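Reviewing the structure listed below.
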Protein chains: 2
Amino acid sequence: MFDYSKLKDHICKRQNLSADEAEEFCASFSFVRVKKRQFIVQPEFVAKYRFFVIEGSFRAYVIGDGGEEHTIQFAIDNWWITDYNSYIFQQPASMFVMALEDSLVLQISFDAERMLKKASHTYETIFRILAEHTAAHMARRVILNLTKTAEQRFEFMLEKYPDIVNRVPQYALASYLGMTTEYLSKLRKRRVNAKKLI
Amino acid sequence: MFDYSKLKDHICKRQNLSADEAEEFCASFSFVRVKKRQFIVQPEFVAKYRFFVIEGSFRAYVIGDGGEEHTIQFAIDNWWITDYNSYIFQQPASMFVMALEDSLVLQISFDAERMLKKASHTYETIFRILAEHTAAHMARRVILNLTKTAEQRFEFMLEKYPDIVNRVPQYALASYLGMTTEYLSKLRKRRVNAKKLI
DNA sequence: CAAAATTCCTAAACCAGTTCATCGTTCCCT
DNA sequence: AGGGAACGATGAACTGGTTTAGGAATTTTG
């Protein structure tokens with residue numbers, strides 16, 4: 001009925017798998033359609049699933065003490081998303097994860113993942129690599145936030161993830177970059193004016 | 001000659017291991033003494049090792065465009081440290097990792113780690129769990145930096161990692177928390193004055 | 001299609017945190 | 001032991017980014 005090829009490609013790029021193994025691996029995932037503005041993770045509830053985005057886009061955010069939203073992560077096609085701390089430790093989540101558009105995802109439950117990890121060394125390796133990549137990505141993000149100014153972070157985002165910049169609402173992007181919408185708007189204007197001079 | 005018990009305890013807390021397995025696992029690590037101010041990772045060179053601190057303390061930092069130091073991570077007894085992106089992808093490092101005191105570490109090389117991972121499902125699991133914990137920890141750090149003010153981050157640090165606050169130099173702590181030494185000094189003073197009023 | 005709601009832009013006042021400059025203290029090193 | 005470098009404190013001037021407040025444009029929904 002549905003097409004697992006995106007997930008298969010994603011996995012096989014990182015680890016050699018026989019056709020049978022790839023098949024068995026994917027069988028633990030189920031397709032779910034998610035409507036725009038629908039939540040797939042909510043605070044207080046344990047994040048039972050890890051999601052792989054086939055099409056559409058998502059946004060993970062937390063609510064600060066003053067009620068402000070802080071975007072922690074975006075996910076578009078071929079990215080993973082969930083509340084990582086909630087999922088890994090099976091504790092109540094602190095994040096919302098919401099669809100930004102009507103989307104299609106593949107989800108795996110924590111239990112199914114645990115079985116896969118237990119079942120074979122190869123599957124364990126896949127999740128090990130996944131976790132390493134996640135850790136490495138997060139480490140880069142920490143460095144970026146610590147070493148660059150708001151403007152530099154925006155420039156970096158434009159260069160590295162133009163798809164995301166053009167696809168997500170401005171207030172979500174601003175809070176991801178650790179600034180206000182107003183300031184992002186100012187930066188955008190400054191860029192346009194700078195371009196006009198060339 | 002040396003005592004592997006700290007590493008053994010650390011691993012066994014996370015994964016069940018037979019005595020033989022624990023022995024074999026630890027055999028891939030070697031003890032190294034590191035003098036204060038000595039580097040165990042340097043930019044441009046590939047981080048060949050991952051380190052487990054037996055005693056002493058370390059600091060990982062990068063140099064910003066303007067020459068400022070930004071502390072990315074501290075490590076004291078029973079913590080892991082290296083330039084994660086360099087080690088995992090075996091690419092040139094962007095960080096310095098320096099001993100803050102005369103220290104004793106256990107190091108494992110990337111190749112030895114790869115062999116362990118390949119050799120057995122159990123060892124693969126250990127490194128998977130390690131990576132998951134690293135990713136989860138980093139995710140919490142990103143959230144903290146995005147949602148809290150400089151003062152709140154300092155308060156949090158005091159509560160959660162008082163050992164580190166009391167053990168590392170002020171300028172290192174300040175750059176870890178994403179602020180200047182001068183401002184941290186001001187916050188410290190504000191705290192002392194606030195306490196006097198109680 | 002029109003009303004309601006959400007998103008985006010602009011601008012001025014404001015503030016958390018930085019910069020700069022100076023001084024006292026502690027830690028090393030030989 | 002003593003001279004130099006590293007470390008911490010403090011205050012005044014400054015700035016990157018926020019807050020507040022308003023209005024315009026776009027999207028959603030009935």
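Please read these numbers as outputs of a predicted model, since none were measured by experiment. First the proteins, then the strands, lettered A, B, ... as listed; each starts at 1.
Residue B:T180 has a polar side-chain atom (N or O) positioned under 4.0 Å from OP1 or OP2 of C:dT18. Distances shown here put a side-chain N or O of A:K189 below 4.0 Å from the OP1 or OP2 atom of C:dA11. Contact check, A:K36 against D:dT28: a side-chain N or O comes under 4.0 Å of OP1 or OP2.
Atom CE in B:M179 sits about 15 Å away from atom C1' in D:dG8, given to the nearest Å. Look at OH on B:Y183: it is 15 Å from C1' on D:dC14, rounded to the nearest Å. Rounded to whole Å, atom C1' of D:dG16 lies 10 Å from atom CD of A:E151. Note: NZ (B:K35) to P (C:dC27) measures 18 Å, nearest angstrom. In this structure, A:L146 atom CG and C:dG17 atom P are separated by 14 Å, rounded to whole Å. Between A:D102 atom CG and D:dT27 atom P there is a gap of 15 Å when expressed in whole angstrom units. One interatomic measurement links the two molecules: CZ of A:R190 to C1' of C:dC9, which rounds to 15 Å at whole-angstrom precision. Residue A:K186 contributes atom NZ, which lies 11 Å from atom C1' of C:dC14 at whole-angstrom precision.
Contact record, A:R14 with A:I129: O-CD1, 3.6 Å, taken as the closest heavy-atom pair.
The only option from B:T180, B:T71, B:T181 that meets the side-chain hydrogen bond (donor to acceptor under 3.5 Å, both in side chains) definition with B:S175 turns out to be B:T71.
Taking 4.5 Å as the limit, every side-chain heavy atom of B:K148 sits out of range of all side-chain heavy atoms of B:E155.
Out of D:dG17, D:dT10, C:dA11, the shortest distance to the side chain of B:E182 is found at D:dT10. For B:Y171, the side-chain atoms get nearest to D:dG8 when compared with the rest of C:dC9, D:dG8, D:dT18.
Relative to the ring axis of B:Y176, B:R59 does not place its NZ or CZ within 45° and under 6.0 Å from the centre.
A distance of 6.0 Å or more separates the ring centres of B:F29 and B:F52.
B:T149 comes within contact range of the sugar-phosphate backbone alone, with a heavy-atom separation under 4.0 Å but no base atom that close.
For the pair A:R37 and B:L187, both in contact range of DNA chain C, the more 5′-proximal nearest nucleotide belongs to A:R37.
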